[in-house]
There are 2 protein chains.
Amino acid sequence: MLSLTDRQRQILDWIRQETERSGRPPTRAELAAALGFRSINAAEEHLRALARKGAIRLIPGSARGIQLPGEAAGETGLWVVGRVAAGQPILAREHLTVRHPIDPRMFRPAADYLLTVSGESMRDAGILDGDLLAVHKSPEAREGQIVVARLGDEVTVKRFSRRQDAVWLLPENPAYQPIVVHPGDELVIEGIGVGVLRLGT
Amino acid sequence: MLSLTDRQRQILDWIRQETERSGRPPTRAELAAALGFRSINAAEEHLRALARKGAIRLIPGSARGIQLPGEAAGETGLWVVGRVAAGQPILAREHLTVRHPIDPRMFRPAADYLLTVSGESMRDAGILDGDLLAVHKSPEAREGQIVVARLGDEVTVKRFSRRQDAVWLLPENPAYQPIVVHPGDELVIEGIGVGVLRLGT
DNA sequence: CCGCATACTGTATAAATTTACAGTATGTTA
DNA sequence: TAACATACTGTAAATTTATACAGTATGCGG
(Lines give C-alpha, C1' and ligand atoms only; values in the text may rest on other atoms or scores of the structure.)
Protein backbone atom coordinates (compact mmCIF):
# COMPACT_ATOMS: atom_id res chain seq x y z
CA MET A 1 0.00 0.00 0.00
CA LEU A 2 1.37 3.36 -1.02
CA SER A 3 1.89 5.88 1.74
CA LEU A 4 -0.97 8.20 2.58
CA THR A 5 -0.79 11.94 3.10
CA ASP A 6 -1.73 13.32 6.49
CA ARG A 7 -5.05 14.50 5.16
CA GLN A 8 -5.79 11.12 3.60
CA ARG A 9 -4.98 9.37 6.86
CA GLN A 10 -7.32 11.73 8.72
CA ILE A 11 -10.06 10.93 6.27
CA LEU A 12 -9.46 7.18 6.45
CA ASP A 13 -9.59 7.38 10.24
CA TRP A 14 -12.87 9.23 10.11
CA ILE A 15 -14.35 6.66 7.74
CA ARG A 16 -13.28 3.85 10.09
CA GLN A 17 -14.76 5.62 13.08
CA GLU A 18 -17.99 6.47 11.34
CA THR A 19 -18.42 2.96 9.98
CA GLU A 20 -17.91 1.54 13.45
CA ARG A 21 -20.25 4.10 15.00
CA SER A 22 -23.13 3.85 12.56
CA GLY A 23 -22.73 0.28 11.41
CA ARG A 24 -22.30 1.23 7.75
CA PRO A 25 -19.90 3.20 5.58
CA PRO A 26 -20.67 6.88 4.92
CA THR A 27 -21.82 8.48 1.68
CA ARG A 28 -19.75 11.09 -0.16
CA ALA A 29 -22.09 13.77 1.13
CA GLU A 30 -21.72 12.62 4.73
CA LEU A 31 -17.96 12.57 4.38
CA ALA A 32 -17.94 16.06 2.91
CA ALA A 33 -20.21 17.38 5.67
CA ALA A 34 -18.14 15.82 8.43
CA LEU A 35 -14.83 17.03 7.05
CA GLY A 36 -16.22 20.46 6.23
CA PHE A 37 -15.99 20.26 2.42
CA ARG A 38 -18.44 22.42 0.61
CA SER A 39 -18.16 20.22 -2.44
CA ILE A 40 -19.14 16.59 -2.50
CA ASN A 41 -16.53 16.04 -5.14
CA ALA A 42 -13.76 16.65 -2.64
CA ALA A 43 -14.96 13.54 -0.85
CA GLU A 44 -15.14 11.63 -4.11
CA GLU A 45 -11.57 12.50 -5.00
CA HIS A 46 -10.26 11.59 -1.59
CA LEU A 47 -11.97 8.23 -1.87
CA ARG A 48 -10.44 7.71 -5.29
CA ALA A 49 -7.02 8.53 -3.90
CA LEU A 50 -7.48 6.13 -0.99
CA ALA A 51 -8.65 3.41 -3.36
CA ARG A 52 -5.75 4.07 -5.73
CA LYS A 53 -3.38 3.61 -2.81
CA GLY A 54 -5.09 0.42 -1.72
CA ALA A 55 -6.30 1.78 1.61
CA ILE A 56 -9.95 1.11 0.78
CA ARG A 57 -11.96 -0.59 -1.94
CA LEU A 58 -14.76 1.17 -3.76
CA ILE A 59 -17.76 -0.71 -5.08
CA PRO A 60 -18.85 1.15 -8.23
CA GLY A 61 -22.46 2.20 -8.56
CA SER A 62 -23.39 1.12 -5.08
CA ALA A 63 -24.58 3.31 -2.24
CA ARG A 64 -22.10 3.48 0.61
CA GLY A 65 -19.81 1.24 -1.40
CA ILE A 66 -16.70 1.73 0.68
CA GLN A 67 -14.93 -1.39 1.90
CA LEU A 68 -12.40 -1.14 4.66
CA PRO A 69 -9.88 -3.97 4.57
CA GLY A 70 -10.53 -6.43 7.35
CA GLU A 71 -13.97 -4.98 7.90
CA ALA A 72 -15.74 -7.14 5.38
CA ALA A 73 -15.69 -10.87 4.90
CA GLY A 74 -14.11 -13.15 7.43
CA GLU A 75 -10.91 -11.26 7.77
CA THR A 76 -11.29 -10.36 11.41
CA GLY A 77 -11.33 -12.75 14.29
CA LEU A 78 -9.24 -15.73 15.21
CA TRP A 79 -9.38 -19.20 13.72
CA VAL A 80 -9.36 -22.25 15.88
CA VAL A 81 -6.79 -24.76 14.70
CA GLY A 82 -7.99 -28.29 15.20
CA ARG A 83 -6.03 -31.53 15.22
CA VAL A 84 -2.79 -31.00 13.38
CA ALA A 85 -1.88 -33.88 11.11
CA ALA A 86 1.62 -35.23 10.85
CA GLY A 87 4.07 -33.20 8.85
CA GLN A 88 1.60 -30.53 7.83
CA PRO A 89 1.91 -26.84 8.50
CA ILE A 90 -0.11 -25.85 11.51
CA LEU A 91 -2.08 -23.19 9.67
CA ALA A 92 -3.12 -25.40 6.74
CA ARG A 93 -6.67 -24.72 5.61
CA GLU A 94 -7.85 -28.17 6.57
CA HIS A 95 -7.15 -27.56 10.24
CA LEU A 96 -9.09 -24.36 10.55
CA THR A 97 -12.38 -25.20 12.14
CA VAL A 98 -14.26 -22.35 13.74
CA ARG A 99 -13.62 -18.63 13.66
CA HIS A 100 -14.24 -16.66 16.82
CA PRO A 101 -14.97 -12.95 16.65
CA ILE A 102 -12.12 -11.83 18.86
CA ASP A 103 -9.72 -8.97 18.27
CA PRO A 104 -6.27 -10.53 17.86
CA ARG A 105 -4.70 -7.32 19.11
CA MET A 106 -6.27 -7.86 22.49
CA PHE A 107 -3.28 -10.07 23.23
CA ARG A 108 0.34 -8.88 23.52
CA PRO A 109 1.89 -9.63 21.15
CA ALA A 110 -1.15 -10.02 18.90
CA ALA A 111 -2.51 -13.55 18.51
CA ASP A 112 -2.43 -15.27 15.12
CA TYR A 113 -4.67 -18.22 15.88
CA LEU A 114 -6.26 -20.28 18.62
CA LEU A 115 -5.03 -23.80 19.33
CA THR A 116 -7.21 -26.37 21.03
CA VAL A 117 -5.16 -27.77 23.88
CA SER A 118 -5.48 -31.47 24.53
CA GLY A 119 -4.22 -33.19 27.64
CA GLU A 120 -3.55 -32.07 31.19
CA SER A 121 0.15 -31.40 30.96
CA MET A 122 -0.22 -27.66 31.55
CA ARG A 123 -2.88 -27.96 34.24
CA ASP A 124 -0.99 -26.01 36.90
CA ALA A 125 -0.56 -23.09 34.53
CA GLY A 126 -4.33 -22.91 34.34
CA ILE A 127 -4.48 -24.43 30.86
CA LEU A 128 -6.90 -27.32 30.84
CA ASP A 129 -7.89 -29.95 28.31
CA GLY A 130 -10.06 -28.32 25.64
CA ASP A 131 -8.93 -24.78 26.38
CA LEU A 132 -8.11 -22.51 23.48
CA LEU A 133 -4.58 -21.18 23.59
CA ALA A 134 -4.07 -17.87 21.82
CA VAL A 135 -0.83 -18.25 19.88
CA HIS A 136 1.48 -15.65 18.42
CA LYS A 137 3.44 -17.11 15.52
CA SER A 138 7.16 -17.02 16.24
CA PRO A 139 10.09 -19.26 15.36
CA GLU A 140 11.81 -18.65 18.67
CA ALA A 141 11.00 -18.31 22.32
CA ARG A 142 12.47 -16.81 25.46
CA GLU A 143 13.11 -18.52 28.75
CA GLY A 144 9.94 -19.35 30.66
CA GLN A 145 7.49 -18.60 27.86
CA ILE A 146 4.73 -21.03 27.05
CA VAL A 147 5.38 -22.34 23.57
CA VAL A 148 3.68 -24.34 20.88
CA ALA A 149 6.39 -26.74 19.78
CA ARG A 150 6.53 -29.36 17.11
CA LEU A 151 8.64 -32.43 17.83
CA GLY A 152 8.73 -34.51 14.70
CA ASP A 153 5.08 -35.22 14.10
CA GLU A 154 3.63 -34.10 17.37
CA VAL A 155 2.51 -30.60 18.36
CA THR A 156 2.69 -29.88 22.05
CA VAL A 157 2.23 -26.98 24.45
CA LYS A 158 4.91 -26.62 27.11
CA ARG A 159 6.96 -24.11 29.01
CA PHE A 160 10.23 -23.28 27.23
CA SER A 161 13.58 -23.48 28.96
CA ARG A 162 17.17 -23.60 27.73
CA ARG A 163 19.78 -25.39 29.85
CA GLN A 164 23.33 -25.64 28.61
CA ASP A 165 23.01 -27.01 25.11
CA ALA A 166 19.62 -28.66 25.43
CA VAL A 167 16.14 -27.21 25.31
CA TRP A 168 13.77 -28.40 27.99
CA LEU A 169 10.04 -28.42 27.38
CA LEU A 170 8.54 -28.33 30.84
CA PRO A 171 5.01 -29.48 31.63
CA GLU A 172 3.13 -27.74 34.43
CA ASN A 173 1.88 -30.91 36.04
CA PRO A 174 3.94 -33.21 38.27
CA ALA A 175 2.36 -36.25 36.61
CA TYR A 176 4.16 -35.43 33.37
CA GLN A 177 7.86 -35.63 32.53
CA PRO A 178 9.89 -32.80 31.01
CA ILE A 179 10.97 -33.34 27.43
CA VAL A 180 14.65 -32.83 26.79
CA VAL A 181 15.48 -31.80 23.25
CA HIS A 182 19.09 -32.27 22.25
CA PRO A 183 20.78 -30.30 19.51
CA GLY A 184 20.02 -31.96 16.21
CA ASP A 185 16.59 -33.19 17.27
CA GLU A 186 13.67 -32.05 15.18
CA LEU A 187 12.34 -29.19 17.28
CA VAL A 188 10.35 -26.41 15.70
CA ILE A 189 8.90 -23.58 17.74
CA GLU A 190 5.58 -22.75 16.10
CA GLY A 191 4.67 -19.88 18.38
CA ILE A 192 4.28 -18.57 21.88
CA GLY A 193 1.15 -18.62 24.02
CA VAL A 194 -0.21 -15.14 24.60
CA GLY A 195 -3.52 -15.94 26.25
CA VAL A 196 -6.14 -18.50 27.09
CA LEU A 197 -9.81 -18.70 26.20
CA ARG A 198 -12.17 -21.16 27.80
CA LEU A 199 -15.74 -21.47 26.55
CA GLY A 200 -17.78 -22.90 29.38
CA THR A 201 -16.35 -23.58 32.83
CA MET B 1 -39.03 -7.18 21.70
CA LEU B 2 -42.08 -8.86 20.28
CA SER B 3 -41.61 -12.40 19.05
CA LEU B 4 -40.62 -12.89 15.43
CA THR B 5 -42.13 -15.36 13.00
CA ASP B 6 -39.91 -18.05 11.53
CA ARG B 7 -39.69 -16.19 8.27
CA GLN B 8 -38.80 -12.94 10.00
CA ARG B 9 -36.08 -14.66 11.98
CA GLN B 10 -34.67 -16.14 8.76
CA ILE B 11 -34.60 -12.70 7.22
CA LEU B 12 -33.01 -11.10 10.26
CA ASP B 13 -30.35 -13.80 10.24
CA TRP B 14 -29.62 -13.18 6.60
CA ILE B 15 -29.31 -9.44 7.21
CA ARG B 16 -26.86 -10.08 10.05
CA GLN B 17 -24.80 -12.43 7.92
CA GLU B 18 -24.78 -10.16 4.92
CA THR B 19 -23.85 -7.10 6.98
CA GLU B 20 -20.98 -9.04 8.52
CA ARG B 21 -19.89 -10.37 5.16
CA SER B 22 -20.00 -7.18 3.14
CA GLY B 23 -19.34 -4.64 5.85
CA ARG B 24 -22.60 -2.78 5.29
CA PRO B 25 -26.33 -3.44 5.51
CA PRO B 26 -28.14 -4.62 2.36
CA THR B 27 -30.62 -2.67 0.24
CA ARG B 28 -34.22 -3.76 -0.21
CA ALA B 29 -33.38 -5.02 -3.67
CA GLU B 30 -30.46 -7.09 -2.40
CA LEU B 31 -32.62 -8.57 0.32
CA ALA B 32 -35.35 -9.44 -2.18
CA ALA B 33 -32.86 -11.02 -4.57
CA ALA B 34 -31.22 -13.08 -1.85
CA LEU B 35 -34.50 -14.29 -0.39
CA GLY B 36 -36.02 -14.94 -3.78
CA PHE B 37 -38.73 -12.25 -3.72
CA ARG B 38 -39.77 -10.96 -7.10
CA SER B 39 -41.03 -7.78 -5.51
CA ILE B 40 -38.82 -5.35 -3.67
CA ASN B 41 -41.78 -4.41 -1.58
CA ALA B 42 -41.75 -7.80 0.11
CA ALA B 43 -38.37 -6.84 1.52
CA GLU B 44 -39.66 -3.42 2.53
CA GLU B 45 -42.56 -4.91 4.44
CA HIS B 46 -40.41 -7.45 6.20
CA LEU B 47 -38.09 -4.66 7.30
CA ARG B 48 -41.08 -2.69 8.55
CA ALA B 49 -42.27 -5.69 10.52
CA LEU B 50 -38.82 -6.23 12.00
CA ALA B 51 -38.59 -2.55 12.93
CA ARG B 52 -42.08 -2.59 14.43
CA LYS B 53 -41.01 -5.50 16.62
CA GLY B 54 -37.84 -3.76 17.66
CA ALA B 55 -35.51 -6.26 16.01
CA ILE B 56 -33.90 -3.59 13.83
CA ARG B 57 -33.98 0.18 13.42
CA LEU B 58 -34.68 1.82 10.08
CA ILE B 59 -33.18 5.16 9.16
CA PRO B 60 -35.73 6.86 6.88
CA GLY B 61 -34.61 8.21 3.55
CA SER B 62 -31.14 6.79 3.84
CA ALA B 63 -29.55 4.18 1.63
CA ARG B 64 -28.86 0.94 3.48
CA GLY B 65 -30.43 2.47 6.55
CA ILE B 66 -30.77 -0.71 8.55
CA GLN B 67 -29.33 -0.71 12.05
CA LEU B 68 -28.82 -3.98 13.83
CA PRO B 69 -28.86 -3.58 17.58
CA GLY B 70 -25.37 -3.92 18.97
CA GLU B 71 -23.88 -3.46 15.54
CA ALA B 72 -23.62 0.30 15.74
CA ALA B 73 -21.94 2.43 18.37
CA GLY B 74 -19.99 0.83 21.17
CA GLU B 75 -22.67 -1.65 22.04
CA THR B 76 -20.67 -4.73 21.22
CA GLY B 77 -17.94 -6.16 23.32
CA LEU B 78 -17.70 -7.02 26.96
CA TRP B 79 -16.88 -4.69 29.82
CA VAL B 80 -14.41 -5.67 32.45
CA VAL B 81 -15.80 -5.08 35.90
CA GLY B 82 -13.14 -3.96 38.30
CA ARG B 83 -13.14 -3.93 42.08
CA VAL B 84 -16.68 -3.95 43.31
CA ALA B 85 -17.26 -1.58 46.19
CA ALA B 86 -19.39 -2.51 49.19
CA GLY B 87 -23.12 -2.47 48.69
CA GLN B 88 -23.02 -1.28 45.10
CA PRO B 89 -24.52 -3.06 42.14
CA ILE B 90 -21.90 -4.99 40.26
CA LEU B 91 -22.60 -3.30 36.96
CA ALA B 92 -22.45 0.28 38.25
CA ARG B 93 -20.74 2.59 35.77
CA GLU B 94 -17.86 3.30 38.12
CA HIS B 95 -16.71 -0.29 38.04
CA LEU B 96 -16.54 -0.64 34.29
CA THR B 97 -12.94 -0.27 33.30
CA VAL B 98 -11.98 -1.62 29.90
CA ARG B 99 -14.12 -2.91 27.07
CA HIS B 100 -12.84 -5.89 25.12
CA PRO B 101 -14.03 -6.49 21.57
CA ILE B 102 -15.40 -9.97 22.16
CA ASP B 103 -18.72 -11.34 20.98
CA PRO B 104 -20.76 -12.06 24.12
CA ARG B 105 -22.67 -14.74 22.22
CA MET B 106 -19.51 -16.77 21.88
CA PHE B 107 -20.33 -18.08 25.35
CA ARG B 108 -23.32 -20.25 26.22
CA PRO B 109 -25.35 -18.72 27.65
CA ALA B 110 -24.17 -15.34 26.37
CA ALA B 111 -21.85 -13.41 28.67
CA ASP B 112 -22.92 -10.06 30.12
CA TYR B 113 -19.58 -8.88 31.48
CA LEU B 114 -16.08 -9.93 32.43
CA LEU B 115 -15.06 -10.07 36.07
CA THR B 116 -11.44 -9.82 37.13
CA VAL B 117 -10.83 -12.75 39.44
CA SER B 118 -8.62 -12.12 42.44
CA GLY B 119 -7.16 -14.84 44.57
CA GLU B 120 -6.27 -18.46 44.04
CA SER B 121 -9.40 -20.08 45.42
CA MET B 122 -10.47 -21.48 42.03
CA ARG B 123 -6.99 -22.51 40.94
CA ASP B 124 -7.84 -26.16 40.31
CA ALA B 125 -10.67 -25.16 38.03
CA GLY B 126 -8.10 -23.40 35.89
CA ILE B 127 -9.15 -19.94 37.06
CA LEU B 128 -6.12 -18.04 38.24
CA ASP B 129 -5.54 -14.71 39.93
CA GLY B 130 -6.08 -11.94 37.38
CA ASP B 131 -8.09 -14.06 34.96
CA LEU B 132 -11.19 -12.60 33.42
CA LEU B 133 -14.30 -14.63 34.14
CA ALA B 134 -17.06 -14.30 31.55
CA VAL B 135 -20.26 -13.96 33.55
CA HIS B 136 -23.86 -14.48 32.53
CA LYS B 137 -26.17 -12.45 34.76
CA SER B 138 -28.55 -14.74 36.64
CA PRO B 139 -30.16 -14.62 40.06
CA GLU B 140 -29.97 -18.36 40.49
CA ALA B 141 -27.59 -21.22 39.84
CA ARG B 142 -27.69 -24.97 39.38
CA GLU B 143 -25.67 -27.58 41.21
CA GLY B 144 -22.01 -27.57 40.30
CA GLN B 145 -22.01 -24.33 38.35
CA ILE B 146 -19.36 -21.72 38.95
CA VAL B 147 -21.08 -18.67 40.35
CA VAL B 148 -20.36 -15.06 41.12
CA ALA B 149 -21.87 -14.63 44.57
CA ARG B 150 -22.22 -11.66 46.85
CA LEU B 151 -22.03 -12.35 50.57
CA GLY B 152 -22.85 -9.15 52.35
CA ASP B 153 -20.19 -6.81 51.04
CA GLU B 154 -17.90 -9.26 49.36
CA VAL B 155 -18.08 -10.61 45.82
CA THR B 156 -16.60 -14.06 45.35
CA VAL B 157 -16.27 -16.71 42.66
CA LYS B 158 -16.99 -20.27 43.79
CA ARG B 159 -18.61 -23.51 42.75
CA PHE B 160 -22.27 -23.65 43.73
CA SER B 161 -23.73 -26.55 45.69
CA ARG B 162 -26.94 -27.02 47.63
CA ARG B 163 -26.98 -29.47 50.54
CA GLN B 164 -30.13 -29.87 52.57
CA ASP B 165 -31.09 -26.36 53.56
CA ALA B 166 -27.73 -24.71 53.20
CA VAL B 167 -25.88 -23.46 50.14
CA TRP B 168 -22.22 -24.40 49.96
CA LEU B 169 -19.81 -22.23 48.03
CA LEU B 170 -16.93 -24.55 47.21
CA PRO B 171 -13.43 -23.37 46.35
CA GLU B 172 -11.36 -25.39 43.91
CA ASN B 173 -8.20 -25.32 45.96
CA PRO B 174 -7.55 -27.48 49.04
CA ALA B 175 -5.91 -24.51 50.77
CA TYR B 176 -9.29 -22.78 50.99
CA GLN B 177 -12.34 -23.63 53.09
CA PRO B 178 -15.87 -24.04 51.70
CA ILE B 179 -18.28 -21.30 52.67
CA VAL B 180 -21.55 -22.52 54.16
CA VAL B 181 -24.45 -20.15 53.67
CA HIS B 182 -27.42 -20.76 55.93
CA PRO B 183 -30.95 -19.68 55.10
CA GLY B 184 -31.39 -16.08 56.08
CA ASP B 185 -27.78 -15.16 55.37
CA GLU B 186 -27.27 -12.42 52.85
CA LEU B 187 -26.45 -14.43 49.74
CA VAL B 188 -27.05 -12.99 46.30
CA ILE B 189 -26.17 -14.89 43.17
CA GLU B 190 -24.94 -12.28 40.71
CA GLY B 191 -24.36 -14.63 37.80
CA ILE B 192 -22.81 -17.81 36.54
CA GLY B 193 -19.39 -18.27 34.98
CA VAL B 194 -19.60 -19.14 31.30
CA GLY B 195 -15.99 -18.87 30.27
CA VAL B 196 -12.50 -17.69 31.07
CA LEU B 197 -10.22 -15.25 29.30
CA ARG B 198 -6.56 -14.87 30.19
CA LEU B 199 -4.50 -12.15 28.54
CA GLY B 200 -0.92 -13.26 28.71
CA THR B 201 0.17 -16.61 30.11
C1' DC C 1 8.95 26.36 -15.94
C1' DC C 2 6.09 22.20 -16.97
C1' DG C 3 3.62 18.27 -15.63
C1' DC C 4 1.52 16.10 -12.00
C1' DA C 5 -0.57 14.94 -7.49
C1' DT C 6 -3.05 17.08 -3.78
C1' DA C 7 -6.92 19.56 -2.18
C1' DC C 8 -10.53 21.67 -2.84
C1' DT C 9 -15.49 24.61 -5.08
C1' DG C 10 -19.49 24.17 -8.03
C1' DT C 11 -22.82 22.12 -11.31
C1' DA C 12 -25.12 18.41 -13.45
C1' DT C 13 -26.95 13.88 -14.38
C1' DA C 14 -27.63 8.97 -14.38
C1' DA C 15 -28.33 5.28 -11.48
C1' DA C 16 -29.31 3.33 -7.02
C1' DT C 17 -32.42 3.24 -3.35
C1' DT C 18 -36.32 4.27 -0.56
C1' DT C 19 -40.98 4.39 -0.20
C1' DA C 20 -45.85 4.97 -1.34
C1' DC C 21 -49.82 2.74 -3.42
C1' DA C 22 -52.74 -1.07 -5.48
C1' DG C 23 -53.39 -5.84 -5.41
C1' DT C 24 -53.73 -11.26 -4.04
C1' DA C 25 -53.81 -15.00 -0.76
C1' DT C 26 -53.60 -17.23 3.85
C1' DG C 27 -54.02 -17.86 8.62
C1' DT C 28 -55.21 -16.00 13.36
C1' DT C 29 -57.86 -13.46 16.63
C1' DA C 30 -61.96 -11.22 18.53
C1' DT D 1 -67.30 -13.45 10.17
C1' DA D 2 -64.87 -9.23 10.18
C1' DA D 3 -60.55 -7.20 11.30
C1' DC D 4 -55.91 -7.83 11.15
C1' DA D 5 -51.08 -9.49 10.60
C1' DT D 6 -48.28 -12.16 7.49
C1' DA D 7 -46.31 -12.83 3.05
C1' DC D 8 -46.06 -11.85 -1.10
C1' DT D 9 -46.43 -9.50 -6.72
C1' DG D 10 -46.20 -5.33 -9.45
C1' DT D 11 -45.79 -0.32 -10.60
C1' DA D 12 -44.40 4.23 -9.91
C1' DA D 13 -42.52 8.23 -7.92
C1' DA D 14 -39.26 11.00 -4.95
C1' DT D 15 -35.04 11.14 -2.96
C1' DT D 16 -30.39 9.66 -2.17
C1' DT D 17 -26.18 8.70 -3.95
C1' DA D 18 -22.41 8.03 -7.16
C1' DT D 19 -19.99 10.04 -10.53
C1' DA D 20 -18.62 12.88 -14.52
C1' DC D 21 -17.02 17.43 -15.95
C1' DA D 22 -15.25 22.29 -15.43
C1' DG D 23 -12.63 25.13 -12.54
C1' DT D 24 -9.02 27.26 -8.81
C1' DA D 25 -4.91 27.00 -6.01
C1' DT D 26 -0.68 24.94 -4.00
C1' DG D 27 3.43 22.30 -3.71
C1' DC D 28 6.91 19.15 -5.67
C1' DG D 29 10.16 16.81 -8.82
C1' DG D 30 12.56 17.18 -13.08
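Basis for what follows: all heavy atoms, side chains included, without hydrogens, waters or symmetry-related copies. Throughout, a chain's letter reflects where its sequence line sits, starting with A, and its residues are numbered from 1.
With dT9(C), dA7(C), dC8(D) as the candidates, the nucleotide lying closest to the side chain of Arg7(B) is dC8(D). If you check dC8(D), dA20(D), dG10(C) against the side chain of Ser39(A), the one that comes closest is dG10(C). Of the candidates dT19(C), dA7(D), dG10(C), the closest approach to any side-chain atom of Glu45(B) belongs to dA7(D). Nearest to the side chain of Arg28(B), among dT19(C), dA7(C), dT9(D), sits dT19(C). In this structure, of dA7(D), dT17(D), dC8(C), it is dC8(C) that holds the atom nearest to the side chain of Asn41(A). The side chain of Ile40(B) has dT19(C) as its nearest neighbour among dT19(C), dC8(C), dT17(C). For Arg64(A), taking side-chain heavy atoms from C-beta onward, the closest of the listed nucleotides dT17(C), dA7(D), dT17(D) is dT17(D). Comparing dT17(D), dG10(D), dT18(C) by their nearest atom to the side chain of Arg38(B) picks out dG10(D). Of the candidate nucleotides dT19(C), dT19(D), dC8(C), dT19(D) has the atom nearest to the side chain of Glu44(A). The side chain of Arg52(A) approaches dT6(C) more closely than any other nucleotide in the set dA20(D), dA16(C), dT6(C).
A sub-4.0 Å separation between OP1 or OP2 of dT18(C) and a side-chain N or O of Ser62(B) is absent. Phosphate contact (OP1/OP2 of dT17(C), side-chain N/O of Arg24(B), threshold under 4.0 Å): absent.
Here Ala42(A) lies in heavy-atom contact (under 4.0 Å) with a base. The residue Gln8(A) sits close only to the backbone: its heavy atoms come under 4.0 Å of sugar-phosphate atoms, none of a base.
When the P atom of dT6(D) is taken as reference, atom CD of Gln10(B) falls 15 Å away, rounded to whole Å. Rounded to whole angstrom, the span from the CD atom of Gln67(B) across to the P atom of dT18(C) amounts to 14 Å. When the P atom of dT6(D) is taken as reference, atom CG of Asp6(B) falls 13 Å away, rounded to whole Å. The interatomic distance linking Leu31(A) (CG) with dT19(D) (C1') rounds to 15 Å, in whole Å. Rounded to an integer number of Å, the gap from His46(B) NE2 to dT18(C) C1' is 17 Å.
Side-chain atoms of Leu68(B) and Leu12(B), non-hydrogen and from C-beta on, do get closer than 4.5 Å to each other. For the pair Glu190(B)/Leu115(B), no side-chain contact is recorded, criterion being any heavy-atom separation below 4.5 Å from C-beta on. In this structure the side chain of Pro69(A) never reaches within 4.5 angstrom of the side chain of Arg57(A), judged on heavy atoms.
Projected onto DNA chain D by closest heavy-atom contact, Ala63(B) and Ile11(B) fall at different nucleotides, the more 5' of which corresponds to Ile11(B).
Between Glu44(B) and Arg48(B) there is a salt bridge, since a side-chain N of the basic residue sits under 4.0 Å from a carboxylate O of the acidic one.
In terms of heavy-atom proximity, Pro26(A) sits nearest to Ile66(A) at O-CD1, 3.5 Å.
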